[in-house]
Amino acid sequence: MLAAQFNALNTLKLLNAIIPITRFNKGEAGKIIDEVQQDGPRIIVKNNVPECVLISLEDYNSLTEAANRTVTLNVSKEAEEKRKEFIKKIRANVQPPLPPQMSVEERIKFLENCGPIDVDEDAVNELRRISTL
């Protein structure tokens, strides 16, 4: 119930944010600017197609500042060298696991110990059919 009310409020807010271009043509630009200052961005539509968004100068400035911000990591050369040395030590001491080495006799013995395995022939045939597509 609460989610439905939230969605209805968001839908109502979105509908109120849509402004037809004819309101500008009727000389309501000042009123629309006041609405933007009070209630937030407005979507300007022309022939029922969104054409642009009207936002406050404050919102514009914060968006452009966020877009121009760059992420810089304050990492000294010493810290970077230590990190690289640490990675080298890890790579030198860690080896990937080797696959199990079994002789043919050991494999046969292993399979005998497993016993028979039930196979769903329909599933196998379906996999074969799919793999040929």
Side-chain angles (χ1 to χ4, degrees):
M1 181 72 166
L2 186 61
Q5 289 174 344
F6 181 73
N7 286 337
L9 287 174
N10 282 340
T11 303
L12 185 61
K13 223 181 221 184
L14 178 64
L15 288 174
N16 288 336
I18 296 173
I19 306 283
I21 193 76
T22 55
R23 281 190 61 193
F24 280 96
N25 296 337
K26 292 180 182 179
E28 295 184 31
K31 189 175 179 183
I32 294 170
I33 291 171
D34 290 340
E35 291 174 13
V36 169
Q37 294 295 333
Q38 291 175 352
D39 303 323
R42 294 290 182 250
I43 302 166
I44 311 300
V45 294
K46 182 178 179 182
N47 298 324
N48 294 325
V49 177
E51 291 291 325
C52 64
V53 176
L54 188 62
I55 61 173
S56 69
L57 185 59
E58 181 182 320
D59 289 342
Y60 174 78
N61 287 335
S62 65
L63 286 172
T64 53
E65 283 176 19
N68 291 331
R69 240 181 266 140
T70 58
V71 177
T72 56
L73 298 175
N74 295 329
V75 179
S76 67
K77 287 186 178 183
E78 286 180 4
E80 183 63 20
E81 289 299 319
K82 285 181 182 178
R83 185 187 70 81
K84 287 179 181 178
E85 286 299 317
F86 180 71
I87 290 171
K88 281 182 188 177
K89 286 179 185 176
I90 290 174
R91 287 184 177 157
N93 294 321
V94 175
Q95 296 294 325
L98 295 173
Q101 302 295 322
M102 294 179 141
S103 66
V104 174
E105 295 84 21
E106 289 173 324
R107 289 181 189 176
I108 292 172
K109 191 174 182 181
F110 175 78
L111 292 173
E112 287 173 353
N113 289 338
C114 288
I117 300 171
D118 293 330
V119 176
D120 184 353
E121 290 184 26
D122 293 334
V124 171
N125 290 332
E126 182 64 15
L127 285 172
R128 286 183 184 146
R129 186 187 70 77
I130 292 171
S131 67
T132 60
L133 295 178

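The figures here come from the full heavy-atom set of this structure, side chains too, leaving out hydrogens, waters and symmetry mates. Positions are given from 1 along the sequence.
A heavy-atom distance below 4.5 Å is found between the side chains of Arg23 and Glu35.
Membership of an apolar cluster is not assigned to Val49, as no side-chain contact below 4.5 Å to another ILVMFWY residue is traced.
Summarising the local packing, CG of Asn25 is surrounded by more than 12 heavy atoms from other residues, nucleotides or ligands at distances under 6.0 Å.
One finds the OG1 atom of Thr22 at 8.0 Å from the CD atom of Glu28 (value rounded to the nearest 0.5 Å). Atom CD1 of Ile19 and atom SG of Cys52 lie 11.0 Å apart (nearest 0.5 Å). Atoms CD1 and CZ, on Ile32 and Arg42 in that order, are 9.0 Å from each other to the nearest 0.5 Å.
With hydrophobic clusters built from ILVMFWY side chains whose heavy atoms lie under 4.5 angstrom apart, Val45 does not share a cluster with Phe24.
Residues forming a side chain to side chain donor-acceptor pair (under 3.5 Å) with Asp34 (at least two apart in sequence, or on another chain): none.
Nearest heavy-atom pair, Pro41 versus Ala17, reported as atom, atom and distance to 0.1 Å: O-CB, 3.8 Å.
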Give the table of side-chain donor-acceptor pairs shorter than 3.5 Å for residues 54-62, with sequence neighbours excluded, one pair per line with atom names and distance.
unit_1: Ser56; atom_1: OG; unit_2: Asp59; atom_2: N; d: 3.1
unit_1: Ser56; atom_1: OG; unit_2: Asp59; atom_2: OD2; d: 3.3
unit_1: Asn61; atom_1: ND2; unit_2: Leu57; atom_2: O; d: 3.4
unit_1: Ser62; atom_1: OG; unit_2: Glu58; atom_2: O; d: 3.4
unit_1: Ser62; atom_1: OG; unit_2: Asp59; atom_2: O; d: 2.9

